[in-house]
Amino acid sequence: MNFSFRHVEVFWAVMTTGSATAAAALLHTSQPTISRELSRFETLTQLTLFKRAGAKLIPTEHGLMLFDEVQRSYVGLARVKNAAEAIRHFRHGQISLTCQPAFSNALLPKVCQDFCIKFPGVSINVTPQESPALEESLTAQRYHLGLTETLETPPGTHSETLLNLDVVCVLPSHHVLNAKAVLTPEDFIGQNFVYLAADDPYRIKTDAIFQQAGIERRLVVETHNASAVCATVNLGVGVAIVNPLTALDYVGRGLQIRRFSHSISYCVSVVRPLHRPESSSVIHFVDVLRSHCQRISAQLQNL
């Protein structure tokens, strides 16, 4: 079947418009040319695609079946066209970024706001992922940037640690423990506690500290992420220990933050693929991200 894209284009135009005359107008050619190319397409495919009823072209069952496939191909071409349009209209480019879900809620919105004010022509695409899919996609060079909660560097990348903080205690606004600046495991005896999921690495480290101290907490809610924990604590359901970024995001909503007597490290690292070209937009974005993390560190020190 030695047919060309032009034959497919003619077939698509006739099916889309309903007639050879309208297809000719759509493709800026003549009606005889459309008829000739359509007939040639039927010969090459050895299919009867239309029944002729005077000037009318009525699709056959084979014509409808083939059109389904052609439409899918045209959707793909439209996506390529849209991508080209998007690339042409971004003055400085596009940044694709992957991160752990907590960063897409508690860190990146403000960073993106600051960056977009300075560089309004850049588009930012944020894809949240859990480990190990996050590290695998960075190793595969699929993204310009990644944000992780670890000091480890995935293969094929280089990383920079932007924050190295400790987890914090979070309390409702009128809780009795707000009177203390630093909370110890003993302060949580008998307190209603909101837990992260059992397999969460920070939950595991926190549980180990309380088990070593021989202290039981009262489990009232167990939920999947730090944002849900803070929202639950803020409603007065209990107290919790979470990462400082998410906790800070809720401070303006009434949540109280207190230091924990034991250190459980929480890191923020920016990861860049070694084998993917780095644009000026990416460099500027990391600069904004770095400055924002410095402000966060200063803010936590003043609490």
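- Across all non-hydrogen atoms, the minimal contact from T246 to A102 is OG1-CB, 4.5 Å.
- Residues that satisfy the side chain to side chain contact (heavy atoms under 4.5 Å, CB included) test with T33, not counting sequence neighbours, are T29, S30, R36, E37.
- At least one side-chain heavy atom of F260 sits less than 4.5 Å from a side-chain heavy atom of I209.
- We find that K180 and D187 are joined by a salt bridge, their nearest charged nitrogen and carboxylate oxygen being less than 4.0 Å apart.
- The two residues E135 and T148 make their nearest non-hydrogen contact at OE2-CG2, 4.2 Å.
- The existence of a salt bridge linking K110 and D114 is confirmed by a sub-4.0 Å separation between a basic side-chain nitrogen and an acidic carboxylate oxygen.
- L97 contributes atom CG, which lies 8.0 Å from atom CG of L289 (distance to the nearest 0.5 angstrom).
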Next item on the list: Walk me through it: do E160 and R290 pass the test salt bridge (Lys or Arg N to Asp or Glu O under 4.0 Å)?
Entry: CA-CA 10 Å; E160 175 187 352; R290 190 182 294 112; 2.8 Å; yes
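- Using the six-membered ring where Trp is involved, F119 and H284 have ring planes that are parallel, under 30° apart on the 30 and 60° scheme.
- Note that the CG atom of N243 and the CD atom of E149 stand 6.5 Å from one another [nearest 0.5 Å].
- In this structure, F11 and F67 have perpendicular ring planes: the angle between them is above 60°, well past the 30° mark.
- The cationic atom of R40 (NZ for Lys, CZ for Arg) does not lie both less than 6.0 Å from the six-membered ring centre of F3 and within 45° of the ring axis.
- Between C99 and V126, the shortest heavy-atom contact is SG-CG1, 3.9 Å.
- Taking both residues in full, the closest heavy atoms of V194 and T232 are given as CG2-CG2, 4.0 Å, listed atom of the first, atom of the second, then distance.
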Next item on the list: Decide yes or no on side-chain hydrogen bond (donor to acceptor under 3.5 Å, both in side chains) for H174 and Q256, but give the supporting numbers first.
Entry: CA-CA 9 Å; H174 301 297; Q256 299 296 308; over 6 Å; no
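- No donor-acceptor contact under 3.5 angstrom links the side chains of N105 and S227, judged on distance only.
- Within 6.0 Å of CD in E186 there are more than 12 heavy atoms belonging to other residues, nucleotides or ligands.
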Tell me which donor-acceptor pairs under 3.5 Å the side chains of residues 18-26 have, and how far apart each pair is, sequence neighbours excluded?
{"from": "S19", "atom 1": "OG", "to": "A22", "atom 2": "N", "distance (Å)": "3.1"}

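- Judged purely by atom type and a 3.5 angstrom limit, Q141 uses its side chain to pair as donor or acceptor with the backbone of T139.
- Between D207 and R203 there is a salt bridge, since at least one side-chain N of the basic residue sits less than 4.0 Å from a carboxylate O of the acidic one.
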